[in-house]
Structure formats: structure tokens, C-alpha cells
Amino acid sequence: MDEELHERIREVVRAVPRGRVSTYGDIAARAGASSPRVVGKVLSEDGHDLPWHRVLRSTGRPAEHIARRQLELLRAEGVLAEGDRVDLGEYRWRD
DNA sequence: AGGGTGACCGTGA
DNA sequence: ATCACGGCCACCC
């Protein structure tokens, strides 16, 4: 995988403001990644030191295996979820 | 070379 | 609202 792209993706994730969320697709677009899948890949293996919990699927729901933890972290910074779904219309990050 | 596997996405039923 | 599909891309057998 292109090292350049890898860093750009980390960069964009790091730029998501506290109390806001983004999606794999948005991150991919901003970082110039060819597919949202690449973003998930980067976060899974090199996202521990990033605000990875601010990245959700386009549905506003987190990926299954990390859902509990993720929603907990979001709640801690003021992002409330209805069940397991975050309202993107309200919290989605756009400059 | 070819098939399987994901922290994915949009569309259509 | 949910589900299946096809498309997507990097990796690893």
C-alpha cells in the first residue's frame, strides 16, 4: 500500500474535530483514497493513536465489533446516539 | 493466475 | 427499516 496515501488518511482522521464524526467514505474522498475500504484497513492496523472512534459507516452506525466501545467514546465527547445510530445530519463533520 | 477476506457504499426490492 | 447485490481495493495465500 502506498505509504503516502497511508499518511494522508491518518492526517485526515486526525483532523476530525472533537464532538463531530465523519464516515469512511468522506475520509477516503478527502485523503484521495480510491476506496473507503482502504480507510478501514489503515484504521484497523495503524489507528490506535488516532481519534478512530469519530469514523462511522455512511449509515451513522459503527462497525459491529467495535460498536460498544466506539459509542461510549463518542458519548464521552457529547455525540449522542439513538440506539446504535448517530445522527449524521447533526454531527457529520463538514468544514 | 485466481479466490477469499474485510473497521465500505449506493441502489433497488 | 432491512437485505441482497455488485462494485470497490489492498493483501494474503
Side-chain angles (χ1 to χ4, degrees):
Chain A
M1 157 109 160
D2 186 356
E3 196 53 40
E4 185 75 16
L5 174 61
H6 184 101
E7 282 312 316
R8 278 207 305 282
I9 290 175
R10 284 173 49 77
E11 195 63 31
V12 175
V13 173
R14 200 153 38 220
V16 181
R18 228 174 86 84
R20 312 302 303 284
V21 301
S22 188
T23 69
Y24 294 94
D26 283 359
I27 300 292
R30 280 173 176 272
S34 45
S35 161
R37 286 189 177 283
V38 179
V39 176
K41 185 77 157 48
V42 170
L43 287 185
S44 70
E45 53 192 36
D46 195 24
H48 46 283
D49 60 335
L50 298 174
W52 58 268
H53 58 282
R54 309 213 257 252
V55 184
L56 300 166
R57 297 199 279 204
S58 63
T59 54
R61 288 191 171 80
E64 297 299 336
H65 54 290
I66 50 175
R68 202 172 307 269
R69 173 77 171 133
Q70 181 160 17
L71 293 174
E72 180 184 350
L73 288 169
L74 286 176
R75 188 168 59 248
E77 54 184 66
V79 176
L80 278 20
E82 320 157 11
D84 65 339
R85 191 182 70 260
V86 170
D87 185 340
L88 293 182
E90 179 172 2
Y91 298 107
R92 190 177 209 153
W93 171 46
R94 20 192 185 285
D95 306 292

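Every chain is numbered from 1 and lettered A, B, ... according to where its sequence line falls, protein lines coming before strand lines. Just so it is clear, the model here is predicted, and its values are computed rather than measured.
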Check: What is the distance from CZ of A/R57 to P of B/dA7, rounded to the nearest Å?
Finding: 10 Å
Note to self: Return the pairing partner of B/dA7 with a 3.5 Å limit on both distances, Watson-Crick or G-U wobble; otherwise return none.
What the structure shows: none
Notebook entry, point to check: CD of A/E45 versus P of C/dC9: gap in Å, rounded?
Noted result: 18 Å
Notebook entry, point to check: What integer number of Å spans the P atoms of C/dG7 and B/dA7?
Noted result: 22 Å
Check: How many Å lie between CG on A/D84 and P on B/dA7, as a whole number?
Finding: 17 Å
Checklist line | Rounded interatomic separation in angstrom, taking CZ from A/R69 and P from B/dA7 | finding: 18 Å
Check: Does A/S34 make a side-chain N or O approach to OP1 or OP2 of C/dA10 shorter than 4.0 Å?
Finding: yes
Notebook entry, point to check: Looking at A/R61, A/Q70, A/R68, which one forms a side chain to side chain contact (heavy atoms under 4.5 Å, CB included) with A/D84?
Noted result: A/R61
Checklist line | Value in whole Å for how far the C1' atom of B/dC8 lies from CZ of A/R61 | finding: 15 Å
Check: Is there a donor and acceptor pair closer than 3.5 Å between the side chain of A/R37 and the base of C/dC8?
Finding: yes
Item checked: Rounded distance (Å) that lies between atom C1' of B/dA7 and atom CG of A/D49 -> 16 Å
Next item on the list: Can you tell me the distance, in whole Å, between the OH atom of A/Y24 and the P atom of B/dG6?
Entry: 14 Å
Check: Does B/dC8 have OP1 or OP2 sitting under 4.0 Å from an N or O in the side chain of A/S35?
Finding: no
Check: Which is it for A/D87 and A/R92 under the salt bridge (Lys or Arg N to Asp or Glu O under 4.0 Å) test, yes or no, and what are the steps along the way?
Finding: CA-CA 8 Å; A/D87 185 340; A/R92 190 177 209 153; over 6 Å; no
Note to self: From CG of A/L56 over to P of B/dA7, roughly how many Å is that when rounded to an integer?
What the structure shows: 15 Å
Notebook entry, point to check: Between A/D2 and A/R8, is a salt bridge (Lys or Arg N to Asp or Glu O under 4.0 Å) present by the stated rule, with each step listed?
Noted result: CA-CA 10 Å; A/D2 186 356; A/R8 278 207 305 282; 5.5 Å; no
Margin query: Please report the interatomic distance CZ(A/R54) to OG1(A/T23), rounded to the nearest 0.5 Å.
Written below: 15.0 Å
Notebook entry, point to check: Out of B/dC9, B/dA7, C/dA10, which nucleotide sits closest to the side chain of A/V38?
Noted result: C/dA10
Notebook entry, point to check: Does the side chain of A/W93 come within less than 4.5 Å of A/D95's, by heavy atoms?
Noted result: yes
